Amino acid sequence: MEQQLTLLLLDSPEGAKYVEETLEVASSSSSVPSSTDHRHRTFVKFFVYFSLVALAYYFIISSFAVSPISPTLPQQSSSGNVSSAKCDLFTGDWVPDPSGPLYTNVSCHHIQDFQNCLLNGRPDVNYLFWRWKPRDCDLPRFSPSQFLDSVKNKWWAFIGDSIARNHVQSLICILSQVEEVEEIYHDKEFRSKIWRFPSHNFTLSVIWSPFLLKSETSSNSDIQLYLDQLDHKWTVQYSKFDYVVISGGKWFLKTTIFHENNSVTGCHYCQGRNNLTDLGYDYSYRKTLNLLRDFVLNSNHKPLVLFRTTTPDHFENGEWNTGGYCNRTMPFKEGQAKMKTVDDVMRDVELEVFQKFGKGFGLGSNIRLLDTTGMSLLRPDGHPGPYRHPNPFAGVKNKSHVQNDCLHWCLPGPIDSWNDVMVETTLNRERELYDLTG
């Protein structure tokens, strides 16, 4: 073995050079007596031999050395601060962001007219230059290229009402800065759509299901709501999805007739119609979320499901149909805003249903909260207001007669930050599971 190591080294340029230099040193000692010269040459031979063996051993071991495997680290933001898996992403404040949005109403061609605030003449732009900052960590800025790379061959679905559509349009605008999207399906009302990013084979869809349940509109415009049947429009597609963002909303405040076990059991806001008991919107919302939760947890298909919490509106001095408006141009600070009673009730129901499993909820299951309520409450400046149409005050004598939208969000606008926390929430789940499993 030692001879093989020596020959291996001698065959290399480094080995030949080393032997040549060593022999030159030995030959330079020719002035010593012959017996001493013989002993010296014998010593040199042994020295060279063992040196070559040692060097050969070093080179061979080095070539097989493997560097230690580093543990997977959490993603870092551009500022270098780590977004901790244990950080509460949904408690924080809006801070100035001079870099502005990732797209504009010029670079994105997928903004619905009602949310295209700049095109419609909104004069201020300060609302574009804020970012969400969690209290105890830094939230990485959404990277459309990294996102698309991570969802190759996947399907991401949004299920809900017009706020869900508002959200998916925000995501499309961000992603389209990297790759243009193709619309491959829409229903007759253009409410449900499917898009595809061809080079990543990534499918994105929005499904119009404002109650998440089976619902029918009767001849007198009453909404018949079946509290024990989920809407088949999304349940029949559920097995295709890898990621789902699902949400309820303001539709539960409408006049609705409740059906359970093939009979009418009550209503909401029905004003004593047909002697029905008004059970309240919180009754139907709780029933819906419990049914949704059980469906997700009991299904054999296990996509990652994010339930997005309720979105508060910012109508002041009235509602959408009674002259309410939103003309603020700055975010609230934490503690300055108070939710309306209806939003408080809906949020309480959401927390009751989805946090009843305790601290581990979301880790052992495939569902967790996307709790955007608090961050949204602080942005009264992010809505279209009167700028739902171009030049809304043209030819109008009384500006108070112009209808405002203080529920949906301008694009670009604060809703873009929902995507930051949405992506980070999915990453956090994977990190927490990694921590639990070691």
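Please read these numbers as outputs of a predicted model, since none were measured by experiment. Quick note: numbers below take in every heavy atom, side chains included, and nothing from hydrogens, waters or symmetry partners.
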* Does the side chain of Glu260 pick up a donor-acceptor pair with the side chain of Thr265 at under 3.5 Å? -> yes

* For residues Glu319 and Lys340, report the shortest heavy-atom separation together with the two atoms involved. => OE2-NZ, 3.5 Å

* Asked: Does Asp343 come within less than 4.0 Å of Lys250, counting only side-chain N to carboxylate O?
  -> yes

Check residues 111-119 and write down every donor-acceptor pair under 3.5 Å in which the side-chain atom is one partner and the other belongs to a residue at least two apart or another chain.
from: Asn116; atom 1: OD1; to: Asn105; atom 2: ND2; distance (Å): 3.3
from: Asn116; atom 1: OD1; to: Leu119; atom 2: N; distance (Å): 3.4

* Which class fits the ring pair Tyr238 and Trp234: parallel under 30°, tilted 30 to 60°, perpendicular over 60°? -> perpendicular

* Which pair of heavy atoms, one from Pro412 and one from Pro101, lies closest together, and at what distance? -> CB-CB, 3.7 Å

* Structure fact -> The salt bridge (charged side-chain N to carboxylate O under 4.0 Å, His left out) partner of Arg141 among Asp420, Asp416, Asp97 is Asp97

* **Flag side-chain contact, heavy atom, 4.5 Å: Thr288 against Phe211** => no

* **Residue pair Trp418 / Ser376, side-chain donor-acceptor N/O under 3.5 Å** => yes

* Looking only at side chains, do His110 and Glu180 share a donor and an acceptor under 3.5 Å apart? -> yes

* To do: Scan for disulfide (SG to SG under 2.5 Å) pairs involving residues 193-267, sequence neighbours excluded, and state none if there are none.
  => Cys267-Cys270

* Asked: How close do Val168 and Ser205 get, heavy atom to heavy atom, and via which atoms?
  -> CG2-O, 4.4 Å

* Asked: Side-chain donor-acceptor pair under 3.5 Å between His167 and Asn419, yes or no?
  -> yes

* **Nearest-0.5 Å distance, OG1 of residue Thr203 to NZ of residue Lys240** => 9.5 Å

* Can a donor-acceptor pair be found between the side chains of Ser107 and Gln177 at a distance below 3.5 Å? -> yes

* Give, for atom NE2 of His200 and atom OG of Ser145, the distance between the pair rounded to the nearest 0.5 Å. => 8.0 Å

* To do: Please tell me if the side chains of Arg379 and Trp409 come closer than 4.5 Å, counting only heavy atoms from C-beta onward.
  => yes

* For the residue pair Phe393 and Tyr387, categorise the inter-ring angle as parallel (less than 30°), tilted (30 to 60°) or perpendicular (more than 60°). => perpendicular

* Asked: How long is the span from the CZ atom in Phe90 to the CG atom in Leu139, to the nearest 0.5 Å?
  -> 9.5 Å

